[in-house]
Colleague: 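Here's a structure for you.
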Protein chains: 2
Amino acid sequence: MQARRQKHEGITRINSKVARDINRSIILATVRRGQPIPRSEIAEITRLNKSTVSSIVARLIDEELLIESPDRIGGGTVGRKPVNLSLAQGKHFIGAISFDAPCTRVAIVDINGTLRARDEIWTKVVSPESLVAQSVARLNALRATIGPHKFHGIGASVGGIVDADQSRVIYSANLGWSNVDLSALIREQAPDVETISVENDAKASALAELLWGAHRISSANLVFVLVGVGIGAGITINGRVLSGDTHAAGEVGHMTVVEGGERCSCGNSGCWHLYASEQALIRWFTELKSTTPGSVPAVALSDVVDAARAGDADALKALQTWAQHVGVGIGDLMCILDPSAVIVGGPITQVWDLVGDTVNASAGGRRPLASQHKTTVLPTSLPDNPPLLGAAALSIRSVFADVTISM
Amino acid sequence: MQARRQKHEGITRINSKVARDINRSIILATVRRGQPIPRSEIAEITRLNKSTVSSIVARLIDEELLIESPDRIGGGTVGRKPVNLSLAQGKHFIGAISFDAPCTRVAIVDINGTLRARDEIWTKVVSPESLVAQSVARLNALRATIGPHKFHGIGASVGGIVDADQSRVIYSANLGWSNVDLSALIREQAPDVETISVENDAKASALAELLWGAHRISSANLVFVLVGVGIGAGITINGRVLSGDTHAAGEVGHMTVVEGGERCSCGNSGCWHLYASEQALIRWFTELKSTTPGSVPAVALSDVVDAARAGDADALKALQTWAQHVGVGIGDLMCILDPSAVIVGGPITQVWDLVGDTVNASAGGRRPLASQHKTTVLPTSLPDNPPLLGAAALSIRSVFADVTISM
DNA sequence: TTCTTAGTTGGTTTACACAACCAACTGACT
DNA sequence: AGTCAGTTGGTTGTGTAAACCAACTAAGAA
């Protein structure tokens, strides 16, 4: 049990313990994806021997991670009916926190990825200590309602640059944090928790989309573009988050999309976030309105959206300009990474019916050859806030340590 | 022996054979990186037991992959002197072919990655059949000079979109090929070869830089940008090539770098290759010259380079404009991927002393936070043509099946 | 009853870990 | 110079854990 918790990153030698752990994880992942599923099918998929599957499954049932479901669906028309296996419900839980201003969300998730309870904190001025204390207190309160079951870990997502290996927040513009040992702060408030994982919000959202998204993504190469106050991307390669050498992979806000364009605080000009963030939309709208006599200056994104829904031509025009620029950057991402899917999250998804086509046209035009197999840009299919589900996805990994071996 | 050749991609269950194969590969990789190295140090690094290392090393010596070097360097001041191990020289070979127009290169490489023999074919009009026949014939001729040693595989790199899994060339503009089963064509001419690997030239070059580059790249996240007639990038993540869903990852020529810029055949405008390829340099030079009275139109890259070396102001200016645009695209790559290194290959490296600073300034300016740890753009450090060494790197993998396990 | 598929049981194989051992070398003390 | 403790490198024999295999039982259909 202890050994399993240990991280096998990169090159690890194989001994019998590691081998068993890996096969255990493979079986768990197979059940997660295919439940309900009989042992025989697991054996076929994993190419493990029937007896090996039986023995590992027995342990997993013992650990209350799997159950034999009484409903005997499936199996051939003849022969003994299979005993189906599923993930056990209501036995193992994990916690999720999505730190953000002005809204920090907490939730309890079961190992199937379903939210069992959730809560929110609205704040503006936030020191790391106080926000962590508040949010973990809420999480503990939710835990109390669930009962005395196994609680594995806490996952936390943060908008900003995060060192996931060290569980530290390097910098967050939204929250005004820098160099915060988030793992230590959380552990102070929840000392009994086994694992704590911290990750950037877009990266976490990408993981959540892979695990629980309705779009069935084929090959686990995904780009999740979170369009909000800033703009960030979470890239997964083979189902694993791309961190980057300085944990800054996917910090795409400063990509050049307009050569010689507007000056940015980064010292350069034409950066993507100047044209594709919420602020950009608001700016375009106010610019258009200022030329129209009798204008009302918009202050929030919702004003522009409401105006557009009411048929305001300027609002619609601003949305189109915005969408077009969002698409340009996504096109670059597609050129470089050739992902199986690009998923967009954030407030933009509320107006996807208005902007989706423009984003796709702007993004998909390039790529001369791959035209038949067209990667499309889709809005998130997650049933709740992506960064919160992302945080949940992070902590799920503490149970499902998913494995890849490549030679 | 047979089982080892089999590819373990993605999820594979572990049985004793796979476990031993993995440990064998780990030991081989450890020796490759640290040679000469004693058994005790291998045991320490891999955390395998001394006895396990001894037993696997014994087999590797038996297979003539390792030798005990007589030179007993290293070891502490006291105690028994270590027996150092190195990769065996002159016992195992592989072939490399870099298909390109107008020059296709072939080489024989030993398992240390050193070129033992090489040859070139200059052609313009090339059917796949004839070029493969010619090049494999040259390779076989080189093989004959090496002697009757173990010949493992052939690696081939091609400029264009390549399906590495199927060893097919999907499309190559340079060669005018499309949908070529390159593996089958090569096998026809060299039926005894065990493995044949095919890959895009930039991707292969990235691998070569990782394996044999003088820049010691820390974390194996590398971007190799091949600037030539077209512009292509090879991205490695954790030492593995990023293929992309449609094998088009790194096809960065059609990234937008100039919003509303020049029209491209892809239907879009402002594509990077219009501003950063060799053609772009030549075009800028001729544009500058056409405004200068008494100009001589340049026809080739070398003309511009020669003029610049001779102190021609227009040539220098054209080079700077070129470099600046190369840098913009690289900056985008750095934003998205945050690699540990960006390496540039192609003719541009010949004038790196003139353009290097401009490329770096243009690429590195963005990235507001990661400023202290600055990723720099460097010219390739490979001692020969990158795509040829890349092809060699591909085939090296058939011997050194390098392993990563992540949980 | 026979056939088919699901799952279990007991024995076999393989490979790694462990510990005791041999090997080779240093240096200090006699 | 000779000897022996101390140290490090590498080998050998034994134990154990895990997956495989083949023969088995279980359960249901034709």
Side-chain angles (χ1 to χ4, degrees), chain A residues 1 3-4 8 12-27 31 34 36-62 66 68-85 403 405, chain B residues 1 3-4 8 12-27 31 34 36-62 66-85 405:
Chain A
M1 199 67 178
R4 193 173 317 126
H8 298 287
T12 316
R13 97 255 112 117
I14 306 285
N15 57 27
S16 55
K17 232 174 233 164
V18 175
R20 175 60 95 131
D21 261 16
I22 290 176
N23 289 336
R24 189 192 106 112
S25 295
I26 290 172
I27 287 179
V31 174
I37 187 173
R39 283 167 244 254
S40 59
E41 203 177 323
I42 298 174
E44 213 175 301
I45 293 171
T46 60
R47 289 164 58 216
L48 282 161
N49 192 277
K50 289 195 296 176
S51 57
T52 308
V53 172
S54 278
S55 117
I56 293 176
V57 162
R59 292 201 202 184
L60 290 171
I61 290 175
D62 209 55
L66 296 186
E68 296 188 337
S69 11
D71 49 318
R72 329 200 128 196
I73 49 170
T77 156
V78 291
R80 175 176 171 177
K81 285 274 175 279
V83 181
N84 285 299
L85 298 162
V403 183
I405 301 152
Chain B
M1 199 66 179
R4 193 174 314 125
H8 298 288
T12 315
R13 98 254 110 123
I14 305 285
N15 58 25
S16 53
K17 235 174 228 163
V18 174
R20 200 175 58 85
D21 261 17
I22 290 176
N23 289 335
R24 189 192 106 112
S25 295
I26 290 172
I27 287 179
V31 174
I37 187 174
R39 284 168 244 255
S40 60
E41 204 177 323
I42 298 174
E44 214 174 303
I45 292 171
T46 59
R47 288 164 59 215
L48 282 161
N49 193 277
K50 289 196 296 175
S51 59
T52 308
V53 172
S54 279
S55 112
I56 293 176
V57 162
R59 295 200 203 186
L60 290 171
I61 289 174
D62 210 54
L66 295 185
I67 46 157
E68 297 189 333
S69 12
D71 51 316
R72 329 201 129 196
I73 48 170
T77 157
V78 294
R80 176 176 172 177
K81 285 270 174 287
V83 181
N84 284 301
L85 298 162
I405 301 152

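Quick note on labels: first sequence line is chain A, next is B, and so on, each numbered from 1.
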Colleague: Could you list the residues that satisfy side chain to side chain contact (heavy atoms under 4.5 Å, CB included) with Ile45(B), not counting sequence neighbours?
Modeller: Thr30(B), Ile37(B), Glu41(B)

Colleague: Using a heavy-atom cut-off of under 4.0 Å over every strand shown, decide if Asn49(A) touches base, sugar-phosphate, or nothing.
Modeller: base

Colleague: Let me know which of Val18(A), Ile14(A), Thr12(A) forms a side-chain contact (heavy atoms from CB on, under 4.5 Å) with Ile22(B).
Modeller: Ile14(A)

Colleague: Which whole-number value in Å describes the distance from Ile42(A) CD1 to dG7(C) P?
Modeller: 9 Å

Colleague: Whole Å only: how far is the CG atom of Asp21(A) from the P atom of dA18(D)?
Modeller: 9 Å

Colleague: dT14(C) C1' sits how many Å from Lys17(B) NZ, rounded?
Modeller: 10 Å

Colleague: Under 4.0 Å: is that the gap between some side-chain N or O of Ser16(B) and OP1 or OP2 of dT13(C)?
Modeller: no

Colleague: In this structure, how many angstroms lie between the P atom of dT8(C) and the CD atom of Glu68(A), rounded?
Modeller: 8 Å

Colleague: Just the rounded figure in Å: distance from P of dG7(C) to CD1 of Ile37(A).
Modeller: 10 Å

Colleague: Would you say a side-chain N or O of Arg20(B) is under 4.0 Å from OP1 or OP2 of dT13(C)?
Modeller: no

Colleague: Both Ile14(A) and Pro38(A) contact DNA chain C. Which one's nearest nucleotide lies toward the 5' end?
Modeller: Pro38(A)

Colleague: Tell me the interatomic distance from Arg47(B), atom CZ, to dC18(C), atom P, rounded to whole angstroms.
Modeller: 11 Å

Colleague: How many whole angstroms separate atom CZ of Arg80(B) from atom P of dA5(D)?
Modeller: 20 Å

Colleague: Does Ser54(A) place a side-chain N or O at less than 4.0 Å from the phosphate oxygens OP1/OP2 of dT8(C)?
Modeller: yes

Colleague: Mapping Lys50(A) and Ala19(A) onto DNA chain D by nearest heavy atom, which one lands closer to the 5' end?
Modeller: Ala19(A)

Colleague: Let me confirm one number: the NZ-CD distance from Lys50(B) to Glu44(B), rounded to the nearest 0.5 Å.
Modeller: 11.0 Å

Colleague: As a test of reading the structure: which of dA17(C), dA18(D), dC25(C) is closest to the side chain of Arg59(A), going by heavy atoms?
Modeller: dA18(D)

Colleague: Distance check: side-chain N/O of Ser40(B) vs OP1/OP2 of dT8(D), anything under 4.0 Å?
Modeller: no

Colleague: Report the distance from atom CZ of Arg39(A) to atom C1' of dA19(D), rounded to the nearest whole Å.
Modeller: 17 Å

Colleague: My understanding is that only residues two or more places apart in sequence, or in another chain, count here; which of them pass side chain to side chain contact (heavy atoms under 4.5 Å, CB included) with Glu68(A)?
Modeller: Arg39(A), Ile61(A), Val83(A), Leu85(A)

Colleague: CG of Asn15(A) to CZ of Arg47(B): how many Å apart, nearest 0.5 Å?
Modeller: 9.0 Å

Colleague: When you measure from the side-chain N and O atoms of Asn23(B) to the phosphate of dC16(C), is any distance below 4.0 Å, counting only OP1 and OP2?
Modeller: yes

Colleague: Could one point to a donor on the side chain of Ser51(B) or the base of dC18(C) with an acceptor on the other under 3.5 Å away?
Modeller: yes

